[in-house]
Amino acid sequence: MEKVYSNREVSIIFEKIATLLEIKGENRFKIIAYRRAAENISSLGKDLKSITEDGTLRDIPGIGKAIGDKIYELISTGKLEFYEKLISEVPESLLVLAEIPELGPQRVRMLWKKLGISDLDVLEEAARNKNLQKLDGFGPKIESNILSGIQKVRKHPFQGRISLGRAWNTASVIIEKMKDKPWLDKISPAGSIRRMKDTIGDIDILVASRDAERVMEFFVGMEEVHEVILRGKTKTSIRIGSHLQVDLRVIAPESWGTALQYFTGNQEHNVQIREFALDRGYSLSEYCLRATSEDKEIFFENERSLYEFLGLSYIPPELRQGKGEINLARNGELPELLELNDIRGDLQFHTNWSDGKASLEEMAKAAMQRGLEYILVTDHSHGLGITGGVTPDDLVEQGREIDLLNEKYEGKMRVLKGVEVEVKADGSLDLKDQVLGSLDLVVAAVHSSLRQERERITERYIRAIENPYVHILAHPTGRLIGERDGADADWDRIFKAAASTGTLLEINATPQRLDLPDNLVRRARELECRFVVSTDAHVMEHFDFLFFGVGVARRAGLTAADILNTWPWEKLINWKKG
DNA sequence: GCCGTTTTCGGCCCGACTGTTTTCAGTCG
């Protein structure tokens, strides 16, 4: 049987093709096309396999006849002749060289063509022997940068991306340090953290100031700074710790609107906005909008006025992905996204009855302080050995404690009775229906045997979803960002089962999870699923994670109507699935 | 190689920083 390629694997192949074509010296727009296709494939929520069967491949933006045929060939035969021919002309090992910072396609081609270098060891040897300086444009500085770059690639073979939560913490620390300084006018996170992307490559921060020199001086002088990567008049990059990069950009206050728009991106969105502006006779840069017919510069106080000037409704950062949002904005069809304030209750958290660190009452108070109206207690069921979960008897006893708390905090906080019940390897649950039926809401979760083969794990999920006592499927894919991929399941089938039974899908807000991921949320919504956003808090501070879960929902284009924990608790517990 | 609310052909964003250079190419975002 030939290999079945996942979306991610196909995306990686097209990304490799783009880089190899770049080294080969192909037309740069062709390269952009492959890269764009790779990017769009990686964020699809639906299997390429079923898309090729539907014949809807060409509906994906950036996929035309040539790339569409290649995807079809790869999916249906497990091979791609074009790719095999390409790597026979351009050694695949050159891709590793291109990972070295400052070694782009032009320099890699030169090393390969002029010196016959195609792997790290040979490159290192040549650099040590000062052979690289023989090449045009290579001097001592580049040579030594290559040497240190080789060490970095060896240490971190794939560019490490960090979780949104960690990136946000670091950005907040820096912003806190700078925000009240007299030489600073405005400051904002930008880039992928502002777009609430689930993983972050580097942190972008934008500052408006009349005294850029002062800002830069402060920035590079912070105690957290491990290394200054680059330092210019308006743009400086530093490294914090071993590999987390922070880019700071300083602009004059009048450029704030265009600059924040530019620095938030993503790149594809920016290209599309700039093309959109050009079509209307304006050239857009981070500094201003310039009318191309006359020499006139237009400045914007904020992003909203810029978008509106161009005839678009305001596009929230989370939707700036270059995937059709500009057309929606032009037609006034953007969704009114879920807001953090819309969330009234949290539907998954843990206490010291299982693996949580705080008592039920402490957690209830912490949730109350954050403005929540209700919380659903969901300690682990006892089947999950490692966490010392709750037994049926424990749940009865916990129920009494909950009743007391509800008397004590009546009108301020409502604690709902629930559990996070374990879905066993065969899809059965480790608590009896009778026990589940005594609770307000039941959350079911898969924690073990995530590596089951696709058909089996899909059936397992569906069996859990079809249980009439299961209201919510927790962290559906089971992924842990940077540690393990989620289950390989037939998500379309699972989502259809969830939609038809009315089972809610959780958007787990813990930064290491963010599960469902935004692309699958988008797909599930197309299939008419509904959702909850839950923190999965294990300590009091974790209730703050809600912010990240709302970010995922917003990236997927969800509104408050899609999320059931925007409802009052009375409505929620009287709601019956199905 | 993709794409079209002026286009099925002829376009395809815009600028900062560095290192190597005497005016610019390469890389990055």
Side-chain angles (χ1 to χ4, degrees), chain A residues 14 17-19 21-23 25-40 57-71 82 98-111 132-133 135-146 149 159 190-192 195 200-206 212 216 228-237 245-251 255 258-259 261-290 292 311 322 324 326-327 330-331:
Chain A
F14 282 94
I17 288 174
T19 306
L21 289 175
E22 223 173 0
I23 294 169
E26 266 280 5
N27 173 297
R28 67 189 185 99
F29 297 109
K30 188 191 278 194
I31 291 152
I32 289 169
Y34 276 99
R35 212 152 258 147
R36 174 152 186 256
E39 163 67 26
N40 288 342
L57 214 41
R58 300 273 298 266
D59 294 346
I60 302 167
I63 296 188
K65 174 144 180 29
I67 292 182
D69 285 349
K70 289 185 177 70
I71 293 172
F82 173 80
E99 292 286 304
I100 297 171
E102 294 172 57
L103 262 195
Q106 310 296 334
R107 287 175 185 150
V108 170
R109 179 169 65 245
M110 207 140 163
L111 291 168
L132 305 187
Q133 298 189 37
L135 297 171
D136 282 346
F138 282 66
K141 190 76 195 196
I142 286 179
E143 197 170 56
S144 79
N145 285 349
I146 287 174
Q159 295 269 337
S192 49
R195 300 195 310 273
I200 305 297
D202 49 41
I203 294 174
D204 295 313
I205 295 174
L206 180 70
M216 293 308 184
V228 178
I229 301 165
L230 129 192
R231 164 129 195 217
K233 284 205 288 253
T234 71
K235 185 179 167 183
T236 290
S237 296
Q245 183 173 329
V246 184
D247 296 341
L248 183 78
R249 186 73 190 265
V250 183
I251 45 87
S255 291
T258 47
Q261 192 285 320
Y262 157 74
F263 212 36
T264 298
N266 70 359
Q267 179 139 340
E268 189 62 31
H269 175 85
N270 283 351
V271 169
Q272 290 177 15
I273 280 287
R274 288 174 177 200
E275 284 174 350
F276 187 83
L278 269 181
D279 282 349
R280 280 148 192 80
Y282 298 100
S283 166
L284 175 62
S285 77
E286 55 265 52
Y287 298 109
C288 65
L289 189 69
R290 189 175 282 118
T292 45
I326 293 172
N327 255 329
R330 174 161 62 174
N331 300 328

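These figures come from a predicted structure and were not determined experimentally. Each chain gets a letter, A, B and so on, in the order the sequences are listed, and its residues count up from 1. All values below come from the heavy atoms of this structure, side chains included, with hydrogens, waters and symmetry mates left out.
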- Phosphate OP1/OP2 of B:dC17: any A:Ser237 side-chain N/O under 4.0 Å: no
- Message: Between B:dT20 and B:dG15, how far apart are the two P atoms, rounded to whole Å?
- Response: 26 Å
- A:Gln106 side, atom CD; A:Glu22 side, atom CD - distance, nearest 0.5 Å: 7.5 Å
- Query: If you measure from the C1' atom in B:dC2 to the same atom in B:dT8, how many Å do you get, rounded?
  - Reply: 12 Å
- Query: Would you say A:Arg280 has more than 12 foreign heavy atoms packed within less than 6.0 Å of its CZ?
  - Reply: yes
- Query: How close or far is atom C1' of B:dC28 from atom CZ of A:Arg35, stated in whole angstroms?
  - Reply: 12 Å
- Query: Rounded to the Å, how far apart are A:Ile100 CD1 and B:dT27 P?
  - Reply: 12 Å
- Please work out if A:Asp202 contacts a base, only the sugar-phosphate, or nothing of the nucleic acid, heavy-atom cut-off 4.0 Å. sugar-phosphate
- Message: Using a 3.5 Å distance criterion without hydrogens, assess whether the side chain of A:Arg107 forms a donor-acceptor pair with backbone atoms of A:Glu102.
- Response: yes
Are any protein N/O atoms closer than 3.5 Å to N/O atoms in nucleotides 18-22 of chain B? If there are, list each pair with its distance.
| unit_1 | atom_1 | unit_2 | atom_2 | d |
| --- | --- | --- | --- | --- |
| B:dT18 | OP1 | A:Arg231 | N | 2.9 |
| B:dT18 | OP1 | A:Arg231 | O | 3.0 |
| B:dT18 | OP2 | A:Arg231 | O | 3.4 |
| B:dT20 | OP1 | A:Gly139 | N | 2.8 |
| B:dT20 | OP1 | A:Gly139 | O | 3.1 |
| B:dT20 | OP1 | A:Pro140 | N | 3.3 |
| B:dT20 | OP1 | A:Lys141 | N | 3.2 |
| B:dT20 | OP1 | A:Ile142 | N | 3.3 |

- Note on the structure: Mate of B:dC17 across any strand shown (Watson-Crick or G-U wobble, both atom pairs under 3.5 Å) is B:dG26
- Task: Could you give the distance separating B:dC12 and B:dC17 at their P atoms, to the nearest angstrom?
- Result: 26 Å
- Any donor-acceptor pair under 3.5 Å from A:Asn270 side chain to A:Tyr262 backbone: yes
- Message: Please encode protein proximity along nucleotides 1-14 of chain B as a string of B, S and -, counting only heavy-atom distances under 4.0 Å.
- Response: BSS--------BBB
- Query: Rounded to the Å, how far apart are A:Ile23 CD1 and B:dT27 C1'?
  - Reply: 14 Å
- Task: Hey, could you give me the CG/CG distance between A:Leu248 and A:Leu206, rounded to the nearest 0.5 Å?
- Result: 8.0 Å
- Message: I'd like to know whether CG of A:Asp136 has more than 12 heavy-atom contacts from other residues, nucleotides or ligands below 6.0 angstrom.
- Response: no
- Task: For the pair A:Arg274 and A:Glu286, find out whether any cationic side-chain nitrogen is under 4.0 Å from an anionic carboxylate oxygen.
- Result: yes
- Item | Rounded distance in Å between the C1' positions of B:dG1 and B:dT5 | 24 Å
- Item | Integer angstrom distance from the C1' of B:dG11 to that of B:dT6 | 14 Å
- Query: How far does the P atom of B:dC13 sit from the matching atom of B:dG4, given to the nearest Å?
  - Reply: 15 Å
- So which heavy atom on A:Arg36 is nearest to which on A:Pro61, and how close? NH2-CB, 3.7 Å
- Item | Gap between atom CZ of A:Phe276 and atom CG of A:Leu284 - 0.5 Å precision | 11.5 Å
- Nearest-nucleotide 5' precedence on DNA chain B, A:Gln245 against A:Thr236: A:Thr236
- Rounded interatomic separation in angstrom, taking CG from A:Asp204 and P from B:dC28: 15 Å
- Nearest non-hydrogen partners of A:Ala190 and A:Phe263, listed with the distance: CB-O, 3.5 Å
- Message: What is the separation between atom CZ on A:Arg249 and atom C1' on B:dA16, rounded to the nearest whole Å?
- Response: 6 Å
- Task: Mind telling me if B:dT7 is syn or anti? Syn here is a glycosidic angle within 90° of 0.
- Result: syn
